[in-house]
Amino acid sequence: MDSGQLQSKQPRSALAGSYGHPVHPILVTVPIGAWVCSLVFDVISYFSAEPRIWSVGAMWLTLFGAVGAAVAAIWGVIDFRNLPHGTGAFNTGRLHAALNSTALAIFIVDFIWRYTTRETWDSAPVGPLILSIVGLGIVGVSGFLGGRLAYHYGVRVADEGVQAQGFRSSTTSGSSPRQS
């Protein structure tokens, strides 16, 4: 294992999470969940007798997702700064960050559009729904790249020697973990 690969596995600081257990991947579940729920609320609003309620919920979920994405980005940058320049992992990380930044910008515009037009809604707004679909498409591609960083390149993943510890028998005094 070369020094660049070892460097990418280590936390840049204690703030980034412990070795083999980064903070960034768990934080991204907040914006993804909020934005998916926002889209679901939008779709429900088209079939609801009270579409405004669902549309307002979608609006606040969009904002919640944007705030969550901004927080997750902080930890993403911490991990990204550990990647050696000129490597496949660095280039993938740069594209991952660019796509996430684009998605965040789309969802901020989405929220502003919703917020500034909310008083005129007689039914669910179509424009913000389209922005949500586009934003989630970009998040999906970016998530694929994030998975590539972790599972293909092993960024912030413990090395194989540490991973092997999880597959050693944990029996003590001849008892098996399957025995109750």
Side-chain angles (χ1 to χ4, degrees), residues 11-18 20-83 89 91-157:
R12 188 166 183 83
S13 72
L15 184 64
S18 62
H21 197 90
V23 174
H24 176 70
I26 193 66
L27 292 177
V28 300
T29 63
V30 172
I32 292 169
W35 291 334
V36 167
C37 286
S38 174
L39 180 61
V40 169
F41 277 31
D42 277 338
V43 170
I44 291 172
S45 75
Y46 283 98
F47 301 99
S48 172
E50 295 290 334
R52 185 175 176 77
I53 293 170
W54 293 100
S55 296
V56 169
M59 176 184 72
W60 291 115
L61 283 164
T62 300
L63 177 63
F64 186 70
V67 171
V71 171
I74 294 167
W75 274 264
V77 168
I78 291 169
D79 289 346
F80 177 69
R81 291 191 58 211
N82 248 14
L83 299 177
N91 292 334
T92 301
R94 186 171 45 197
L95 182 55
H96 174 71
L99 288 171
N100 283 336
S101 298
T102 301
L104 177 56
I106 286 170
F107 282 108
I108 289 171
V109 168
D110 186 348
F111 171 76
I112 292 168
W113 188 348
R114 290 170 190 269
Y115 189 79
T116 59
T117 63
R118 71 189 184 285
E119 298 302 326
T120 64
W121 294 344
D122 291 328
S123 62
V126 175
L129 170 67
I130 292 168
L131 284 179
S132 292
I133 293 168
V134 170
L136 280 171
I138 292 169
V139 167
V141 172
S142 182
F144 173 82
L145 294 174
R148 184 169 183 81
L149 285 166
Y151 299 114
H152 186 79
Y153 293 124
V155 172
R156 289 300 319 274
V157 175

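Computation of the quantities below employed the complete heavy-atom set of this structure, encompassing side-chain atoms and omitting hydrogens, waters and symmetry-equivalent molecules. Note that the coordinates shown come from a computational prediction; the quantities given were computed from them, not determined experimentally. For the single chain, residues carry numbers from 1 onward in sequence order.
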Quiz prompt | Audit row: F107, L61, side-chain contact (heavy atoms from CB on, under 4.5 Å) steps and yes/no | solution = CA-CA 10 Å; F107 282 108; L61 283 164; over 6 Å; no
Quiz item: Is any side-chain heavy atom of L99 less than 4.5 Å from a side-chain heavy atom of V139?
Solution: no
Quiz prompt | Pi-cation contact, F111 with R114 (under 6.0 Å, within 45°) | solution = no
Exercise. Take the angle between the ring planes of H24 and H96 and call it parallel below 30°, perpendicular above 60°, tilted in between.
Key: perpendicular
Taking atom [atom1] of [X] and atom [atom2] of [Y], what is their separation to the nearest 0.5 Å?
X	Y	atom1	atom2	value
I106	L136	CD1	CG	10.0 Å
I138	T102	CD1	OG1	6.0 Å
W60	Y115	CH2	OH	5.5 Å
C37	I32	SG	CD1	12.0 Å
L131	T62	CG	OG1	9.5 Å

Quiz prompt | Evaluation steps, side-chain contact (heavy atoms from CB on, under 4.5 Å), between L39 and L129 | solution = CA-CA 7 Å; L39 180 61; L129 170 67; 3.4 Å; yes
Quiz item: Is a donor on one side and an acceptor on the other found under 3.5 Å between the side chain of T116 and the backbone of I112?
Solution: yes
Quiz item: Is there a donor-acceptor contact under 3.5 Å from the side chain of R81 to the main chain of I78?
Solution: no
Which pair of heavy atoms, one from [X] and one from [Y], lies closest together, and at what distance?
X	Y	value
G135	A103	O-CB, 4.0 Å
L27	P31	O-CD, 3.2 Å
S38	S132	OG-OG, 4.4 Å
R94	F80	N-CE1, 3.4 Å
W54	S45	CB-CB, 3.6 Å
L104	A66	CD1-O, 3.5 Å

Quiz item: Quick check: are there more than 12 heavy atoms from other residues, nucleotides or ligands sitting under 6.0 Å from CD1 of I26?
Solution: no
Quiz item: Between F64 and W35, does the ring centre distance come in under 6.0 Å?
Solution: no
